[in-house]
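Everything on this sheet refers to the single structure shown next.
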Amino acid sequence: MSLHTIIDFLNPINLSVISNDEGYRDTQLGKHVEVYETVFPDITNADLIIMGCEEYRGSGNFNAKTGSADAVRKNFYNLYHWHKDVTVADIGNIKQGASLQDSYAAVKTVVTELIEAGKRVVIVGGSHDVTLAQYNAYVQQQQIIEAVCVDAKIDLDMDSALPADKFLMEMLTGEPNFIKHYNHIGFQSYYVHPQMLETIDKLRFDCWRVGKVKEAIEEIEPAIRNASLFSFDICSIQHAHAPANYLTPNGFNGEEACTLMQYAGMSTNPCSVGIYNFLHEQDENNLTATQIAHMLWYLMDGIHKGKKESSIEQRDNFNEVTLALADFDTVFLQSKKTGRWWMQTHDGKMLACSKGDYYLSSRNEIPERWMRYAERN
C-alpha cells in the first residue's frame, strides 16, 4: 500500500478538540484507537479504519461547517472498549477538493488503497452522494460487488439537479457496471415514486420497506452478509433518535440502526461502510453524534462476531440439513458458531439466508429469497 498516496488526501486529527480534559481511561476506546495526529499510524493489523468526510456540496449545502466527524469521534472515543481482538485506526479527514469531483477523487483514491490492502473502512460524514465515490473505488479495481443502501428515499430522481438525489442512477446503470446485486433497506413509501420501485424490480434488485424490516429485522442480515459496499443515510433514523435528520420523524429507532451496523460488521467481505448526511450544526444535545458513535461500536461488535465464523467449506462447523423442496433436494447449513444460515441454490451455490427461509422450506414452500436469486441467475 502506498501510504504517501493516502496521506496526500488526508488532514490529521486535532486531538485537543475532541479529547477529554481528564484524558481517557485504559478501558475507553480513546486509549486504544491508533490516531493520525502528527504521525500516520501503522495500519498493518487494523481491523477497522475510520475516515472523516466533510463534503456536502452534492446535497446543495455549500456552507456546511466542519466538525461533524470530530463530534462523532468525541463520543466514540469515550465509549468502553469491549472488543480486545478488534483493532481500530483513525486516519483523519479527507481534504475537501476545489470542486466536488476533486473530493470524490480523493475519497475514491483512499478507499481504493485501503480495500486493496484488505481493510474495512468506514467513512463518517458527507452527503449521501459520496457513496458514488465509495463505489468508484471498486470500479477502479474492476471488482464486481454486492451493495446495500439504508435510506428513507431511493436516490433516483433524475429531475433533480443535485447529485445527492440521483447518484444511484449512475451507480446502478452506468457502464461498465460492477454491481452484482443491490439491496435498498428502509425506504419509506411516501417518499418514493412507485415507478422507482418498478425500475429497481426490473433490474432484479431488492427493496425492503422500513415497516417490513422493523417487523423482523433478523431477516435483513442475509441481505447484508455478502455486501462489499454498505451505505447508511442517517435520514433513515427517526428524528427523535437522530435530531440531525431533517427529513422525517419516522424510520428506524436507534437500536435498529445499531443492529444493521452490526450486520455490516459481520459481513463476510472486507467491506467499505459510509455513514452519511450528518451535519453537526443541525444536531441537538449531541444526540445524533452519540447515535453514530454507538453505531460504530456495534460495527466493531459485528467484526468481533464475524471473526468467529468458519468458512463455508469447513462443514464440520455447520449443522447440515437436506430438504425436499418442490421437485428437487436442497441443503441448508447453520453455523455452529454464529447461528447464521445458508441454503443451496438451483446452481449449487450456497446463498445467505435466514432461519425463516429454512422454516418455509421445511413446509415445502420456496422462499422468496431463493426465487429472487433464481431470477437473477
Open item on the list: Taking CZ in Arg376 as the centre, count heavy atoms belonging to other residues, nucleotides or ligands within less than 6.0 Å. Is the count above 12?
Closed with: yes
TODO: Describe, in one word, how the ring planes of Phe278 and His280 are oriented to each other, choosing from parallel (under 30°), tilted (30 to 60°) and perpendicular (over 60°).
DONE: perpendicular
Solution key, residues 43-51 side-chain donor-acceptor pairs under 3.5 Å, sequence neighbours excluded:
{"residue": "Thr44", "atom": "OG1", "partner": "Asp42", "partner atom": "OD1", "Å": "2.5"}
{"residue": "Asp47", "atom": "OD1", "partner": "Lys307", "partner atom": "NZ", "Å": "3.2"}
{"residue": "Asp47", "atom": "OD2", "partner": "Thr87", "partner atom": "N", "Å": "2.8"}
{"residue": "Asp47", "atom": "OD2", "partner": "Lys307", "partner atom": "NZ", "Å": "3.2"}

Open item on the list: Is it true that, when you exclude Asp316 itself, more than 12 heavy atoms of the residues, nucleotides or ligands shown sit nearer than 6.0 Å to its CG?
Closed with: no
TODO: Ignoring hydrogens and angles, state whether a donor on the side chain of His128 or Ser59 is under 3.5 Å from an acceptor on the partner side chain.
DONE: no
- [ ] Starting from Tyr56, walk the hydrophobic network (Ile, Leu, Val, Met, Phe, Trp, Tyr; side-chain heavy atoms closer than 4.5 Å) and list everyone else you reach, by chain and number.
- [x] Leu279
Open item on the list: Does anything in residues 83-105 form a ring pair (Phe, Tyr, Trp, His ring centres under 6.0 Å)? List the pairs, not counting sequence neighbours.
Closed with: His83-Trp297, His83-His304
TODO: Return the set of residues passing salt bridge (Lys or Arg N to Asp or Glu O under 4.0 Å) with Arg204 (not counting sequence neighbours), or none when no residue passes.
DONE: Glu375
Task: Ionic contact status for Asp165 with Lys153, cut-off 4.0 Å - done: yes
Open item on the list: Under a 3.5 Å threshold, yes or no: a donor from one side chain and an acceptor from the other, between Ser272 and Gln134?
Closed with: yes
Open item on the list: Taking atom NZ as the centre, does Lys355 end up with more than 12 heavy-atom neighbours from other residues, nucleotides or ligands that are less than 6.0 angstrom away?
Closed with: no
TODO: Please check if any side-chain donor atom of Thr338 sits under 3.5 Å from a side-chain acceptor atom of Lys308, or the reverse.
DONE: no
- [ ] Please name all residues satisfying salt bridge (Lys or Arg N to Asp or Glu O under 4.0 Å) with Arg225, sequence neighbours left out, ordered by chain then number.
- [x] Glu221
Open item on the list: When you compare the side chains of Glu219 and Ser354, does any donor N or O come within less than 3.5 Å of an acceptor on the partner?
Closed with: yes
TODO: Each residue besides Leu333 in its hydrophobic cluster should be listed here, by chain and number; the cluster joins Ile, Leu, Val, Met, Phe, Trp and Tyr at side-chain heavy-atom distances under 4.5 Å.
DONE: Ile312, Phe318, Val331, Trp342, Met350
Task: Side-chain H-bond candidate by donor/acceptor type, Ser231 with Tyr135, under 3.5 Å - done: no
Open item on the list: Whether the Trp341 and Asp357 side chains hold a donor-acceptor pair (N or O, under 3.5 Å, no angle test) is what I'd like checked.
Closed with: no
Task: salt bridge (Lys or Arg N to Asp or Glu O under 4.0 Å) partners of residues 252-261, not counting sequence neighbours, each pair once - done: Lys214-Glu256
Task: Summary of salt bridge (Lys or Arg N to Asp or Glu O under 4.0 Å) pairs that have at least one residue in residues 172-201, sequence neighbours excluded - done: Asp201-Arg372
Task: By salt bridge (Lys or Arg N to Asp or Glu O under 4.0 Å) - contacts of Asp157 (at least two apart) - done: none
TODO: Output all residues satisfying side-chain hydrogen bond (donor to acceptor under 3.5 Å, both in side chains) with Thr345, sequence neighbours left out; order by chain, then residue number.
DONE: Asp347
Task: Pair listing, salt bridge (Lys or Arg N to Asp or Glu O under 4.0 Å) test, anchored in residues 122-149, at least two apart - done: none
Open item on the list: Quick check on Lys166: does its NZ atom have over 12 non-hydrogen neighbours (other residues, nucleotides or ligands) under 6.0 Å away?
Closed with: yes
Open item on the list: Which residues pass the salt bridge (Lys or Arg N to Asp or Glu O under 4.0 Å) test with Arg57, not counting sequence neighbours?
Closed with: Glu55
Task: Pair Tyr358 + Phe332: ring centers closer than 6.0 Å - done: yes
Task: Side chain proximity check, Met266 to Arg340, heavy atoms < 4.5 angstrom - done: yes
